[in-house]
Amino acid sequence: MTNQRIAQTLEQLADLLEFTGTNPFRLRAYRNAARKISAMTDAIATMVERGDDLTKLDGIGKSVAEKCVTLVEDGKLQQLDDLLEEVPKSVLDMLRIPGLGPKRAAIIFNQLNISTLDQLKEAAEAGKIQELDGFAAKTEKAILAGIAIAAAAGQRIYWSEADAIAQRLRAHMADCSAIQQMEFAGSYRRGKETVGDLDLLVTSDEPSRVMEHFAEFSEIESEIVSGDTKMSVRIGDAFQVDLRVVPDDAFGAALQYFTGSKEHNVVLRGMAKNRGLKINEWGVFKVDGEQETWMAGRDEAEVYGALDLPVFPPEIRQARFEFQWAEQGALPDLITLDDIRGDLHMHTTASDGQNSIDEMAAAAKKLGLKYIAITDHSKRVSMANGLDDDRLLAQWDDVDKANDSIKGITILKGIEVDILEKGGLDISDAVLEQADWVTASVHYGGKQDRETITKRIVDAIAHPSVSAISHPTGRLINQREPYEVDMQAVMMAAAKYGKLLELNAHPVRLDLNELHCSMAREMGVSIVINTDAHNIPGLQMMRFGIKQARRGGLTKDAVANTRTWAQMKKLIGKPA
DNA sequence: GCCGTTTTCGGCCCGACTGTTTTCAGTCG
């Protein structure tokens with residue numbers, strides 16, 4: 001039983017209990033515990049087997065600890081099974097309808113015995129919803145409209161897509177002279193892999209002018225809510241954008257507030273309370289009985305400063321490790337795009353790429369890179385026209401020629417060698433040992449059991465010519481689950497053999513995730529951030545990988561390709 | 001259900017907006 005499974009079980013327990021009118025703080029306790037467990041790098045299962053006291057973990061008390069032990073030992077929870085008899089899982093779909101929360105969904109379920117979206121639609125069309133207590137015609141209409149959204153929504157968009165929308169909206173808003181300061185907040189600012197909606201924060205003395213201008217953004221499909229200082233709209237079928245207008249001296253407080261994360265803010269507000277302060281989106285206030293005095297809020301430094309805290313980079317506002325770091329006075333200096341010197345994973349027309357070696361090198365040089373590795377697929381990836389020994393050796397002659405014709409950047413002879421289903425690599429050792437850079441990847445047999453696939457990858461790490469493993473878990477965000485691979489074992493092997501693990505910068509991969517980055521940091525495993533570019537624009541994806549690395553708390557030193565190639569060679573044990 | 005340098009009870013972040021309401025609950029972020 002993995003931590004993720006345990007966390008999901010606790011989440012589901014909380015979701016279902018919500019329908020039974022359970023004390024909301026009990027639900028929060030379950031959800032907090034689920035969050036803690038899913039963010040842990042140690043396996044609960046291992047701790048249970050060792051007989052560790054789980055209640056020592058923050059946020060886990062006697063009850064949740066017992067549930068964890070039961071889950072690890074029995075693989076299931078009787079309480080959850082009983083609950084599922086009472087409340088069908090399908091009722092949770094109703095919560096995806098905007099404006100319909102657990103309270104009113106429970107009324108619909110209990111009084112009309114409705115448990116699916118289809119039944120709900122039927123009842124709403126028949127006018128049965130508005131007959132319920134606390135419901136009326138408007139709510140019924142909103143539910144009907146929301147069913148379509150619930151069906152289309154539920155999927156968060158990639159950060160890169162949200163970024164494109166944000167940039168167009170920013171350009172539109174730039175024409176509004178009533179705006180003083182403007183910034184996007186929310187999960188977009190925190191650089192999450194996927195973004196559920198965009199939060200745009202603006203300061204102005206004339207909120208109505210700003211809101212009017214916002215409403216004119218050409219991509220808006222419909223308005224959801226519109227008040228004096230707040231407006232929500234929908235772009236496309238489901239994507240929501242929220243605008244908030246606040247006075248200029250509240251910009252920092254509002255930016256902090258709307259950037260979150262929710263968990264980070266809960267901790268922050270708790271700390272404020274302990275000091276007799278209150279923080280909301282309007283500022284930091286000194287609380288003295290009934291009296292509240294404004295103290296700070298113009299910028300984020302003021303807000304955090306009021307609590308003697310540093311301004312946390314948005315990416316690490318996860319209530320995972322940032323407060324501990326601040327307490328120790330050791331906030332890490334997170335990696336930036338400017339720190340990157342090389343890109344060690346890219347494809348050319350030799351396999352499934354769209355540009356030549358020369359074109360990729362010229363484009364990389366333009367981006368300021370000092371070295372790149374050409375790493376086309378090997379022959380096992382037949383649909384990508386992967387290279388065999390002979391074609392690879394021939395390509396390396398082309399690399400020599402390309403190096404002769406371009407100055408200011410070094411092109412390395414590389415290969416993305418396939419880790420075969422039965423184990424082993426599909427380029428001969430004799431050729432591999434002549435390469436400057438070998439990164440090994442799984443492309444087939446991703447559904448193998450944990451033991452098999454972990455051994456494949458660990459064996460590849462142990463291969464003397466392999467320097468790195470690319471996209472180690474194989475997940476595709478919103479599309480494909482990661483392999484069952486035991487990442488702890490992979491990290492241990494990487495640490496033992498001094499090999500690197502790739503953080504693939506492609507916005508759909510971002511593999512490693514932020515927890516893996518933390519794990520690597522703790523275990524002393526070096527990360528290499530690569531674009532896996534298949535064409536010239538693909539080289540620009542590096543920034544997505546940097547965001548992910550920052551979310552994992554990685555510094556420049558933790559990332560190998562911030563070094564010069566000469567330093568890198570030393571790191572991967574190649575002769576100078 | 002969890003937690004505690006105001007500690008074993010009593011609190012748990014906080015405000016805007018909406019719809020259904022005569023003063024507020026539910027939802028959302």
Side-chain angles (χ1 to χ4, degrees), chain A residues 10 13-14 17-18 21-36 54-68 79 94-108 129-143 146 153 185-190 195-201 207 211 223-232 240-246 250 253-285 287 292 303 307 319:
Chain A
L10 290 172
L13 195 58
L17 280 171
E18 203 154 28
T22 304
N23 171 7
F25 294 109
R26 189 174 150 209
L27 304 181
R28 180 189 294 179
Y30 284 151
R31 293 194 170 116
N32 274 340
R35 256 196 82 254
K36 290 276 180 207
L54 297 177
T55 64
K56 291 242 159 53
L57 298 168
D58 197 28
I60 295 180
K62 191 160 162 281
S63 168
V64 173
E66 277 172 11
K67 287 181 172 61
C68 288
Q79 187 190 0
M94 286 200 262
L95 301 182
R96 294 213 312 268
I97 296 173
L100 190 60
K103 288 274 164 53
R104 291 196 298 195
I107 292 173
I108 292 173
I129 301 296
Q130 60 174 302
E131 291 168 6
L132 295 169
D133 274 349
F135 291 77
K138 268 196 171 172
T139 307
E140 187 174 76
K141 208 172 148 213
I143 287 174
S187 57
Y188 168 68
R189 182 166 182 242
R190 300 199 311 277
V195 175
D197 59 26
L198 271 180
D199 302 292
L200 178 59
L201 179 69
M211 293 177 53
E223 278 182 25
I224 303 167
V225 297
S226 179
D228 293 339
T229 62
K230 183 184 161 174
M231 186 164 176
S232 295
Q240 184 173 331
V241 182
D242 298 328
L243 169 73
R244 242 349 235 277
V245 187
V246 299
L255 185 58
Q256 192 290 317
Y257 183 89
F258 290 109
T259 296
S261 65
K262 191 174 151 193
E263 292 80 12
H264 175 90
N265 284 358
V266 167
V267 173
L268 196 72
R269 265 154 258 298
M271 290 172 78
K273 204 161 198 175
N274 287 341
R275 293 179 170 218
L277 302 176
K278 187 172 87 172
I279 305 181
N280 59 29
E281 65 259 57
W282 305 104
V284 182
F285 298 85
V287 180
E292 290 183 359
V303 176
L307 291 168

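Protein chains get the first letters and strands the later ones, always in sequence-line order, with residue 1 at the start of each. Computed from a prediction, not measured in an experiment: that's the story for all the values here.
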For A/L13, which contact category applies under a 4.0 Å heavy-atom criterion: base, sugar-phosphate, or nothing?
-> nothing

Roughly how far, to the nearest 0.5 Å, is the CG atom of A/D199 from the OG1 atom of A/T259?
-> 8.0 Å

Considering only the C1' atoms, how many Å lie between B/dG11 and B/dA16, rounded to the nearest integer?
-> 24 Å

Integer angstrom distance from the C1' of B/dC2 to that of B/dT7 = 13 Å

Interatomic spacing from CD in A/Q130 to CG in A/L132 - rounded to 0.5 Å | 9.5 Å

Name the nucleic acid region contacted by A/N280, choosing base, sugar-phosphate or nothing; use a 4.0 angstrom heavy-atom cut-off, strictly under.
-> sugar-phosphate

Contact class for A/F258 (heavy atom, under 4.0 Å): base, sugar-phosphate, or nothing?
-> nothing

B/dG26 to B/dT20 separation - C1' atoms, rounded to the nearest Å = 11 Å

Among A/L307, A/V287, A/V284, the one residue meeting side chain to side chain contact (heavy atoms under 4.5 Å, CB included) with A/R275 | A/L307

Looking only at atom C1', what distance separates B/dT18 and B/dT8, rounded to whole Å?
-> 41 Å

Pick base, sugar-phosphate or nothing for A/I97, based on heavy-atom distances below 4.0 Å to the nucleic acid.
-> sugar-phosphate

Which is the 5'-most and which the 3'-most nucleotide of DNA chain B that has an atom under 4.0 Å from a heavy atom of chain A?
-> B/dG1 to B/dG29

Pairwise distance OG1(A/T229) to CD(A/E281) - rounded to 0.5 angstrom | 8.0 Å

Which part of the nucleic acid, if any, lies within reach of A/Y30 when heavy atoms closer than 4.0 Å are counted: base, sugar-phosphate only, or nothing?
-> sugar-phosphate

Would you mind classifying the nucleic acid contact of A/V64 as base, sugar-phosphate or nothing, using non-hydrogen atoms under 4.0 angstrom?
-> sugar-phosphate

Per nearest nucleotide of DNA chain B, the residue lying toward the 5' end, A/T229 or A/K273, is A/K273

For B/dT8, give its Watson-Crick or G-U wobble partner with both distances under 3.5 Å, or none.
-> none

Name the nucleic acid region contacted by A/S226, choosing base, sugar-phosphate or nothing; use a 4.0 angstrom heavy-atom cut-off, strictly under.
-> sugar-phosphate

Salt bridge or not for A/R31 and A/E18, using N-O below 4.0 Å?
-> yes

Determine the interatomic distance between C1' on B/dC14 and the same-named atom on B/dT5; round to the nearest Å.
-> 26 Å

Give A/L100 one of three labels, base, sugar-phosphate or nothing, depending on what nucleic acid heavy atoms sit under 4.0 Å from its own.
-> sugar-phosphate

Going by atom types only, do A/E263 and A/N32 share a side-chain donor-acceptor pair under 3.5 Å?
-> no

From A/N265 atom CG to A/Q256 atom CD, the distance as rounded to the nearest 0.5 Å = 4.5 Å

Looking only at heavy atoms, the pair that brings A/L243 and A/M211 closest together is CD2-CG, 3.7 Å

Contact class for A/I279 vs. all strands (heavy atom < 4.0 Å): base, sugar-phosphate, or nothing?
-> sugar-phosphate

When you compare B/dG29 with B/dC13, how far apart are their C1' atoms, in angstrom units rounded to a whole number?
-> 12 Å

How far, in whole Å, is B/dT21 from B/dA25 if one measures between their C1' atoms?
-> 9 Å

Judged by nearest nucleotide, the residue sitting upstream toward the 5' end of DNA chain B, A/A136 or A/K103, is A/A136

Within the structure shown, what part of the strands sits under 4.0 Å from A/D58 by heavy-atom distance: base, sugar-phosphate, or nothing?
-> sugar-phosphate

Answer with base, sugar-phosphate or nothing: what part of the nucleic acid does A/P102 contact at a heavy-atom distance below 4.0 Å?
-> sugar-phosphate

